[in-house]
Amino acid sequence: MELLGDITADRPLLVLAVQEEAQFLDTDLPVLLTGMGKVNAAIALASVLGRGPRPSGIVNLGTAGALRPGWTGTHVVGTVVQHDLDGERLATLNGERYGAPLTLPDGGDVVLATGDAFVSDEVTRARLAERAPLVDMEGYALAAAARHAGVPLRIVKHVSDEAGDGAARSWRESVAECARALADWAAENTPYRS
């Protein structure tokens, strides 16, 4: 976890998993690098929100794998789901429901599936494509932490790979291009640019 800049109540906080995704940001806004995965994302965001002050909002920028053919470019997410938590099965144990889909304001109809596994095989990709067109490793955790703290969140993802065979190689090859697209989106859609 690394926090660059100071969080203030009158400005949003940009949240990304890793420096590679943030490399072209040109902003006076604070930037939180959480590390990859749901646990790192939740701990990092909950820690900075718990310390205070809280930002006016949170914008998660990052890369995502495309689970369905034809998905490219930058997308604002409307709903996040966990693909690696079996809420139905857990409910049979004690009647409690865990991990329900989270709807985000102003996100439209794009669904993002979040899980701790980097999706890089065709079988998993096909299974997840039944629920969502995009997959990442942090979105749901960030949405849950932001909701718990009462801070509005937007999730913006740029497609880096096709979440199938060769996805890791594709991510490494495309992350700089994705970072540029995410920086361009941030410059056009968030205030306080340098």
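This is a predicted model, so every value here is computed, not measured.
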Please find the pair of heavy atoms, one from Q19 and one from L33, that lie closest to each other, and give the distance.
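For Q19 versus L33, the nearest heavy atoms are OE1-CD1, 3.5 Å.
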
Looking at every heavy atom in both L153 and P105, which two are closest together, and how far apart are they?
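Distance-wise, the nearest heavy atoms are O-CD, 4.1 Å.
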
Other residues, nucleotides and ligands only: do more than 12 of their heavy atoms fall within 6.0 Å of CD on E122?
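Counting neighbours around CD of E122, more than 12 heavy atoms of other residues, nucleotides or ligands fall under 6.0 Å, so yes.
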
E162 atom CD, neighbour heavy-atom count above 12 within 6.0 Å:
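No, the 6.0 Å shell around CD holds no more than 12 heavy atoms from other groups.
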
Shared ILVMFWY cluster between W185 and I58, side chains joined below 4.5 angstrom?
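No, W185 does not connect to I58 through the hydrophobic network.
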
Could you see if V151 belongs to whatever hydrophobic cluster contains L102? Use Ile, Leu, Val, Met, Phe, Trp, Tyr and a side-chain cutoff under 4.5 Å.
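V151 clusters together with L102.
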
To the nearest 0.5 Å, how far apart are [atom1] in [X] and [atom2] in [Y]?
X: F24; Y: D184; atom1: CZ; atom2: CG; answer: 10.0 Å
X: L4; Y: E2; atom1: CG; atom2: CD; answer: 4.5 Å
X: D116; Y: M36; atom1: CG; atom2: CE; answer: 12.0 Å
X: R11; Y: D6; atom1: CZ; atom2: CG; answer: 7.5 Å
X: T34; Y: I43; atom1: OG1; atom2: CD1; answer: 10.5 Å
X: L45; Y: N60; atom1: CG; atom2: CG; answer: 9.0 Å

Okay, side chain of [X], backbone of [Y]: is any donor-acceptor separation there less than 3.5 Å?
X: Q23; Y: E20; result: yes
X: E138; Y: G37; result: yes
X: D161; Y: W171; result: no
X: R125; Y: A66; result: yes
X: R68; Y: A129; result: yes
X: E21; Y: T63; result: yes
X: R54; Y: A149; result: yes

Start with the C-alpha gap between T114 and D136, add the side-chain angles, then the distance that decides, and say whether side-chain hydrogen bond (donor to acceptor under 3.5 Å, both in side chains) holds.
CA-CA 5 Å; T114 298; D136 84 335; 2.6 Å; yes

Taking the side chain as everything from C-beta on, heavy atoms only, tell me whether I155 gets closer than 4.5 Å to V76.
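Heavy-atom side-chain distance check fails, nothing below 4.5 Å.
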
